[in-house]
Trainee: 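This structure is in structure tokens; I'll ask about it shortly.
Proteins come first, then strands; the chains are lettered A, B, ... in the order of their sequence lines, and each starts at number 1.
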2 protein chains.
Amino acid sequence: MTSVLPGRDARRESLLAAADAVVQRDGASASMATIAAEAGITKPILYRHFGDKSGLYAALAERHTDRLLDALVDALTAGGPARVRVHRTIGTYLAVIEAEPQVYRFLMQSEEAVPAQGTVRGFLHRLQDLLTAGIAHELRLPADDLRATVWAAGIVGMVQSAGDWWLESRRCSRADLTDQLTDLLWGAYGVAAG
Amino acid sequence: MTSVLPGRDARRESLLAAADAVVQRDGASASMATIAAEAGITKPILYRHFGDKSGLYAALAERHTDRLLDALVDALTAGGPARVRVHRTIGTYLAVIEAEPQVYRFLMQSEEAVPAQGTVRGFLHRLQDLLTAGIAHELRLPADDLRATVWAAGIVGMVQSAGDWWLESRRCSRADLTDQLTDLLWGAYGVAAG
DNA sequence: CGCAGGTGTTACCGCCGGTAACACTGGGGC
DNA sequence: GCCCCAGTGTTACCGGCGGTAACACCTGCG
């Protein structure tokens, strides 16, 4: 049986760590050979562990998205009124992408590393589902209500896009951005524009 | 002088048309050789016209983004109160991506065709700037006001993300989606959630 | 000892983006 | 008539990539 081998998972972890290092250094155009070299081994070993390039990138992306999703779930399900929870969740998201911008760029924009996109899409989907359930619960709608789904999709994109802009321009503090986005969700634009 | 050659621009257009056809057939993994074959010529000619692959993809993307941006500007600057104009602009965007979903996917998700991303980013930026100016004007803020900028970034992402979801799931009519998104912008969620 | 299985390697394939170098053609000057 | 030249097209190649087949090495076990 192959699954009980001693260092198999540990090995896999070390390979992922090496891949992570290379990806963060070379942008996402890192080649499999380079990653293998960084790990001190050769290509076929990588392929035995991850199948192909998108397998590796997916594994790489999954670690980060899982962590992020956990943090967001915690922020969203902790106590308080709706506005407080939403505000806290947006703040959590922004804090994470601020703390590790390279990781964020790798996941979301990557410029070249499209193989991970499947995993990232999956993450966004899970996040959207989470939000849909939250909104539906909040508004006492059926769990698959259309409005909840649409709004969840919109809100995810809104925060992501604003986070993108913020990481690039850094034109305000994280707290300010969090406030503005929460305001926007609570209709500040509509009120101001009439 | 080379610029007065007879069919130069026409030729370029025909090459773009061929590229467009191949991209829409092969997804965005279309190779330069395949595109050249579709156009009835060989690779070096493509390279003489577009420099490199990202040049071709950029030219391809530009046609579509320019058209789309024009349509959005028209929708946004036509008359009416703020809410009507926003509603109409969102509807215009959704109508365009509904009419040409393959084009939209090529531009925005592409799975493989990252070379066009520069152009697409440029488009999103121009769109965001446009919106920023609109919001600032509407709210009588300075043109580079922070709130206007943040909101514009968020709104762009919100509509794009919701449009994405809609194209994939088609779970409601375009008119419904437009209404829900406008409602969201005008604070329907905040009101309902308290 | 032989041998099985897992780890590692080298050496290769096919494809792609990109380019150098060469062939063809048509129109001006002499 | 002739040559030159600019522009159009081609073939044939390069380097690098993702991916794989085939072989070498160790280690435990009957």
Trainee: Can you list everything that forms a ring pair (Phe, Tyr, Trp, His ring centres under 6.0 Å) with A/Trp186? Sequence neighbours excluded, please.
Mentor: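 Checked A/Trp186 against ring pair (Phe, Tyr, Trp, His ring centres under 6.0 Å); matches are B/Tyr189.
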Trainee: Indicate yes or no for a side-chain donor-acceptor contact from A/Arg88 to the backbone of A/Gly79 under 3.5 Å, with no hydrogens or angles considered.
Mentor: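 Judged by distance alone, yes, a pair lies under 3.5 Å.
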Trainee: If we ignore angles and hydrogens, is there a donor and acceptor under 3.5 Å between the side chains of B/Asp164 and B/Gln160?
Mentor: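 No - no donor-acceptor pair under 3.5 Å links their side chains.
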Trainee: Run the salt bridge (Lys or Arg N to Asp or Glu O under 4.0 Å) test against B/Asp144 and tell me which residues pass, sequence neighbours left out.
Mentor: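 Testing B/Asp144 for salt bridge (Lys or Arg N to Asp or Glu O under 4.0 Å), a comparison that skips the adjacent residues, returns none.
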Trainee: Could you walk me through whether A/Arg105 and A/Ile97 pass the side chain to side chain contact (heavy atoms under 4.5 Å, CB included) test, one step at a time?
Mentor: CA-CA 9 Å; A/Arg105 285 177 204 285; A/Ile97 72 172; over 6 Å; no
Trainee: Taking CG from A/Leu15 and C1' from C/dT7, how many angstroms apart are they, rounded to a whole number?
Mentor: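 Atom-to-atom, A/Leu15 to C/dT7, this comes out as 13 Å.
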Trainee: Do B/Trp151 side-chain atoms and A/Gln180 backbone N/O form a donor-acceptor pair below 3.5 Å?
Mentor: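 Yes, the answer is positive, given that a donor and an acceptor are paired below the 3.5 Å cut-off.
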Trainee: Could you list the residues that satisfy side chain to side chain donor-acceptor pair (under 3.5 Å) with B/Glu13, not counting sequence neighbours?
Mentor: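 B/Glu13 satisfies side chain to side chain donor-acceptor pair (under 3.5 Å) with B/Arg63 once adjacent residues are dropped.
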Trainee: Going 5' to 3' along nucleotides 9-17 of chain C, which nucleotides have protein heavy atoms under 4.0 Å from the base (write B), which only from the sugar-phosphate (write S), and which from neither (write -)?
Mentor: BB-----SB
Trainee: Starting at atom NE2 of A/His49, determine the distance to atom P of D/dG19, rounded to an integer number of angstrom.
Mentor: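 In whole Å, D/dG19 P lies 16 Å from A/His49 NE2.
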Trainee: Taking only residues two or more places apart in sequence, or in another chain, which ones meet A/Tyr93 in a ring pair (Phe, Tyr, Trp, His ring centres under 6.0 Å)?
Mentor: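 Counting only residues at least two positions away or on another chain, A/Tyr93 forms no ring pair (Phe, Tyr, Trp, His ring centres under 6.0 Å).
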Trainee: Five pairs per end, C1' atoms only: what is the angle between the end axes of the helix from C/dC1-D/dG30 to C/dC30-D/dG1, to 10 degrees?
Mentor: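 One end axis against the other gives 40°.
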